[in-house]
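What follows is one structure encoded as structure tokens, with my remarks underneath.
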Amino acid sequence: MLDIQQLRKELPQVVEGLKRRGYALDEATFCALEAKRKSLQVKTEELQATRNAASRQIGILKSKGLDTVPAMAEVAGIGDALKANETALGALQDQLNGFLRQIPNIPRADVPAGKSADDNVEVRRWGKARTFDFAPKDHTDIGEALKGIDFETASKLSGSRFSVLRGQVARLHRAIAQFMLDTHTAQHGYTEVYVPYMVGSESADGVSSLAKFKDDLFKIEGRDLYLIPTAEYPVTNFVRDTIVDAKELPLKFACHSPCFRSEAGSYGKDIRGMIRQHQFDKVELVQIVTPEKSADAHEELTAHAEAILQKLELPYRTMLLCTGDMGFSSAKTYDLEVWLPAQNAYREISSCSNFEAFQARRMMARFKNAAGKTELLHTINGSGLAVGRTMVAILENFQNADGSVTIPSALRCYMAGAAKIDLAA
RNA sequence: GGAGAGGUGGCAGAGUGGUCGAAUGCACCGGACUCGAAAUCCGGCAUACCGGUCUCCGGUAUCGUGGGUUCGAAUCCCACCCUCUCCGCCA
């Protein structure tokens, strides 16, 4: 949510900023609502002040044992007018709030303008795509040959976009998550957290716009609970409605969790394989910082996610998303894209965003600054990384001509020292 | 599932219809004392919003949430949510 004060004071700048990401702010509606709000609020508060003063007088008269009848007659008329004003003001504030909540975040000045993913900017590239002396297979073929990935059984159980993993491949999946968590906690200073995989609508609305994105979530029938689409939902909400002591900042959390996404609207996309699933594991990084630190923290967090790819020897590139391709709440986003030989393309494996105060404002997540004033926190998060897609990348990049898959050395200690996954295994 | 207790400021914890935004303690910030620190003493210290003559002044709202009663509600009534304790059941 944007700052309504900023809209009042710097409307032209806000309009300009939003225009960069292709969002046309309805200025006329906003100004009309604001004008109405102002007059109604002033009127209502005046009435309240009159009533409060009168009631206070009655209290004083009573304590002195004096007659209160004339004083009470005086307030009698206020009630109805006040109630009408309060109701109208409440409705108007709801309207204004609704209007405000559906406005996306303003992109930072250093975010390139653009309409779609085609306009994203590659900021760096790491590793070399391996050249194969045989035709590389995709992860589905590799996994099925190893009897490690079983989509048939998964679809019997739960339909499409699910997978069953077995044996060494299942273990590899677990190893990847362990490795990521261990790296982030031991080397990057994150605190490991375990969290609920369902959250209430208030938490969901804190990090994103529930009204806008509820179709992407799985809802628990008859309960105000949603399966989390990312650990960002529970973890960022740690600080909802709280005032954090500045001494505790920055907060850095790493969380391994499953993620559940309905993938509504992606019919026909990535049907084959494990790229796009209703359920996948992810290690999420979350940082909660002061505003001055957020830009640096965003770079740092992105580097932490990149470190995982480097340690796993997976070629990737870092993309700075353009204004048109960023998520609703983000002010700036880097996507990490890993090289997939079978697709002959880079595919997203992590998304690292700085939300600045956008989420914090919705969540009322604040801290006390040096001057003793409460100020909104900045929130940053990123995948570090998506576990399923990381496994896909390993299977494809480390595949051998005989159908076996070499295990990246960083993971071997999590695989009882095994150097590869063999067909026979 | 049964029975009970309770939700008040950053935290702990008083307050059962009238200057209560709320005692007290802790924490925190300033000052005094000190070579410095501790201890002690003095002062300050909730949040959000609105208006204005906008580093200040005035106003409104907020005691789990939403309704109700009343001139007036933290306090009374109703509903809901949540937490805790005990019993039962169970991974």
Side-chain angles (χ1 to χ4, degrees), chain A residues 1-10 30-31 33-101 194-206 210 219-220 222-226 234 237-249 251 288 290 357-377:
Chain A
M1 181 163 66
L2 293 180
D3 182 6
I4 192 161
Q5 314 272 19
Q6 195 189 0
L7 262 81
R8 287 185 190 129
K9 284 186 221 142
E10 305 166 5
F30 175 73
C31 293
L33 285 172
E34 252 299 285
K36 252 194 264 176
R37 187 228 94 228
K38 187 164 171 171
S39 67
L40 246 181
Q41 183 163 357
V42 169
K43 184 84 188 99
T44 304
E45 291 186 359
E46 268 171 14
L47 287 170
Q48 286 170 329
T50 313
R51 181 207 54 196
N52 290 347
S55 295
R56 210 169 294 138
Q57 274 311 311
I58 292 169
I60 292 168
L61 289 175
K62 246 195 168 150
S63 69
K64 288 181 180 161
L66 299 170
D67 182 21
T68 59
V69 175
M72 280 169 71
E74 228 173 283
V75 243
I78 299 176
D80 289 343
L82 181 57
K83 186 145 273 180
N85 272 284
E86 277 174 344
T87 309
L89 180 61
L92 197 62
Q93 268 165 343
D94 286 348
Q95 215 179 328
L96 202 51
N97 207 28
F99 178 83
L100 207 61
R101 274 177 172 263
Y194 169 83
V195 297
Y197 299 151
M198 302 176 210
V199 297
S201 53
E202 232 182 300
S203 294
D205 207 43
L210 190 55
K219 185 171 195 313
I220 306 299
R223 305 282 306 262
D224 180 39
L225 286 173
Y226 296 84
N237 273 284
F238 283 5
V239 292
R240 174 157 55 87
D241 293 323
T242 58
I243 299 175
V244 180
D245 194 327
K247 278 181 286 202
E248 291 174 32
L249 299 171
L251 295 172
I288 292 159
T290 58
F358 193 82
Q359 290 181 328
R361 193 171 293 112
R362 277 170 176 260
M363 291 194 298
M364 291 294 277
R366 296 160 296 170
F367 72 103
K368 268 209 198 304
N369 66 20
K373 288 295 257 179
T374 55
E375 205 179 328
L376 290 167
L377 289 159

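The sequence lines fix the lettering, A, B, ..., with proteins before strands; numbering per chain opens at 1. What you see below is based on every heavy atom in this structure, not just the backbone, and it leaves out hydrogens, waters and symmetry mates.
Here the nucleotide nearest the side chain of A:Ser55, chosen from B:A48, B:C49, B:G18, is B:G18.
One atom, CE of A:Met364, and another, C1' of B:G10, lie 14 Å apart when rounded to the nearest Å. One can place CD1 of A:Ile243 at 16 Å from P of B:C45, the figure rounded to the nearest angstrom. Summarising the geometry, the separation between CD1 on A:Ile58 and C1' on B:G17 is reported as 13 Å, rounded to the nearest angstrom. With rounding to whole Å, A:Ile60 atom CD1 is found 10 Å from B:C20 atom P. Rounded to whole Å, the distance from CZ on A:Phe367 to P on B:C29 is 16 Å. B:C49 atom C1' lies 12 Å from atom CG of A:Leu96, rounded to whole Å.
With sequence neighbours left out, the side chain to side chain donor-acceptor pair (under 3.5 Å) criterion links A:Asp205 to A:Arg101. By the salt bridge (Lys or Arg N to Asp or Glu O under 4.0 Å) test, A:Arg366 pairs with no residue at all, sequence neighbours left out. Contacts of A:Ser203 classified as side chain to side chain donor-acceptor pair (under 3.5 Å), with partners at least two apart in sequence or in another chain: A:Arg240. For A:Ser201, the side chain to side chain contact (heavy atoms under 4.5 Å, CB included) partners are A:Leu210, A:Asp224, A:Tyr226, not counting sequence neighbours. Judged as a side chain to side chain contact (heavy atoms under 4.5 Å, CB included), and not counting sequence neighbours, the contacts of A:Leu225 are A:Met198, A:Ile220, A:Arg223. Remark: A:Leu61 engages A:Leu66, A:Thr68, A:Ala71 in a side chain to side chain contact (heavy atoms under 4.5 Å, CB included) (not counting sequence neighbours).
With rounding to the nearest 0.5 angstrom, the CZ atom of A:Arg361 is 10.5 Å from the CD1 atom of A:Ile4. To the nearest 0.5 Å, atom OG1 of residue A:Thr44 and atom CD of residue A:Gln41 are 7.5 Å apart. Taking CE of A:Met1 as the start and CE of A:Met363 as the end, the distance is 11.0 Å to the nearest 0.5 Å.
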Side chains of residues 50-58 of chain A: which donor-acceptor pairs under 3.5 Å do they make with residues two or more places apart or in other chains?
from	atom 1	to	atom 2	distance (Å)
A:Thr50	OG1	A:Glu46	O	2.8
A:Asn52	ND2	A:Gln48	O	3.4
A:Ser55	OG	A:Arg51	O	3.2

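Contacts of A:Glu202 with the nucleic acid, taken as non-hydrogen atoms under 4.0 Å apart, are absent.
Comparing B:A79 with B:G4, their P atoms sit 15 Å apart, to the nearest whole Å. Between B:G64 and B:C41, the distance separating the two P atoms is 33 Å to the nearest Å. Atom name C1', nucleotides B:U75 and B:U69: the rounded distance is 13 Å, in whole Å. B:G43 and B:C35 have their P atoms separated by 25 Å, with the value rounded to a whole Å. Nucleotides B:G68 and B:A73 place their P atoms 12 Å apart, quoted to the nearest Å. Distance noted for atom C1' between B:U47 and B:C89: 44 Å (whole Å). With C1' as the reference atom, B:A22 and B:G9 are 9 Å apart, rounded to whole Å. A gap of 40 Å separates the P atoms of B:G72 and B:G1, to the nearest Å.
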Worksheet item: With Watson-Crick and G-U wobble geometry limited to distances under 3.5 Å, how should the secondary structure of RNA chain B be encoded in dot-bracket form, using | for bases paired to another strand and [ ] for crossing pairs?
Response: ((((((((.[[[..)..(.....]]].(((((.......))))).(((((((...))))))).[[[[[..)....]]]]])))))))....
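Distances shown here put every side-chain N or O of A:Arg366 at or beyond 4.0 Å from the OP1 or OP2 atom of B:G10.
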Worksheet item: When you check every protein heavy atom under 4.0 Å of nucleotides 52-68 of chain B, what one-letter string (B, S, -) results, 5' to 3'?
Response: S------BSS-------
